[in-house]
Amino acid sequence: MHGNVLQLIPAVVFGLVIGSFLNVLIYRLPRGSSVVTGRSKCPACGHTIFWHDNIPVLSYVILRGRCRYCRAAIPVRYPMVELVTGAAAGALGWFLGVTVEALWAFVFFSILLVITLIDWSHRIIPDSLSLGGTVIGWIGAVVRPDITLVDSLLGAVLGGGLLFAVAMGYRALRKIEGMGGGDIKLMAMIGAFLGWKMVFPVLILASLAGAVYGIYLMRRGASARTAVPFGSFLAPSAAFVYVFGAPLWGGYLHFVMGPA
Ligand SMILES: [Zn+2]
C-alpha cells in the first residue's frame, strides 16, 4: 500500500512547516520561554525575523546561513531539523497514507527529535514532552489499530520501571546519579507509544550506542564520569525500533517463545 506523488508533496510540505515549529520548541523549551507567543528573533542581534526569512530550508539557502541584519551564522541544525521532519512526514504519508497510525507516528517522531536535540545541548528532558507524550501515547493506543491500550499502559510501566530500577541500583552501587528522572519519564513515553515488547530492543540499542559514544569520549581524554546524554540515544533508538523493530524483534520473540 504505497501512496502517490500527489500525496507525497503535501506531506513533505506539512513536515517542513512542522519542522520549523520544532526548531522553536528546541530553542525555547529549555529556556523556559513561551512556545506559542512572541515573534521569532535573531538570538544574536534580537531583530524580528519576518515570515519571508522564515521559510523552511529555502530561507536558510537564500540567506546563505546568515542573519539578514547582523550576519551572525544560523546553526545548520535549523534547516536539518526541517529537512528531517519533512522527510519523515513524506515517508509516513507514502507508506501509511493519511491514517491515524501515520499521524501518531509523526507526533512520536517529532517529540523524539526535539528531545534528542534538547538533551544533547542542555542535558534536560522537559516534562511537557515526556509526560505529555506519555498521555498522547495512551490516547493513541485507543485509536490506533496497531497497538492495544494494555500494551501501551504496560509499556509505560515497564519502560519507566526498568530505568527507575537501574537508576536506584546505580545510586546504591556508585553513590552517584547515573541516570536522571528525565530518562525514566522518556522511557515511559517510549513504552506508551511502542508497547511493552519494544521496550527491550530500545534499551539494548540505546545502551550499545551510548556505550560506544562513552568509549569514544574516554579515548579522547574525558573522565569515566563524564555524563552521556542518555536521552539523546534513547530517543533515536525508539525511532529506529518503530521502523525496523517489529520484523526483527518479533521474529526473535517468535523464535524464542514459539508461536503465540
Ligand atoms: Zn541577527
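First listed ligand is number 1; within each ligand, the first listed atom is number 1.
- Apart from I215 itself, the hydrophobic cluster it occupies contains nothing, where clustering links Ile, Leu, Val, Met, Phe, Trp and Tyr at side-chain heavy-atom distances under 4.5 Å.
- Residues D151 and K197 are not paired through a salt bridge, judged by the lack of any N-O separation under 4.0 Å between the basic side chain and the carboxylate.
- Note that CD of E82 is 10.5 Å distant from OH of Y60, once rounded to the nearest 0.5 Å.
- Classification of the Y213-W120 ring pair by plane angle, with boundaries at 30° and 60°, yields tilted.
- Under the 3.5 Å distance criterion, the side-chain polar atoms of R28 are matched with a main-chain donor or acceptor of S34.
- Below 30°, between 30° and 60°, or above 60°: for F50 and H52 the angle between ring planes is below 30°, a parallel geometry.
- Around the Zn ion (ligand 1), protein N, O or S atoms at a distance under 2.8 Å total 4; waters are neither shown nor counted.
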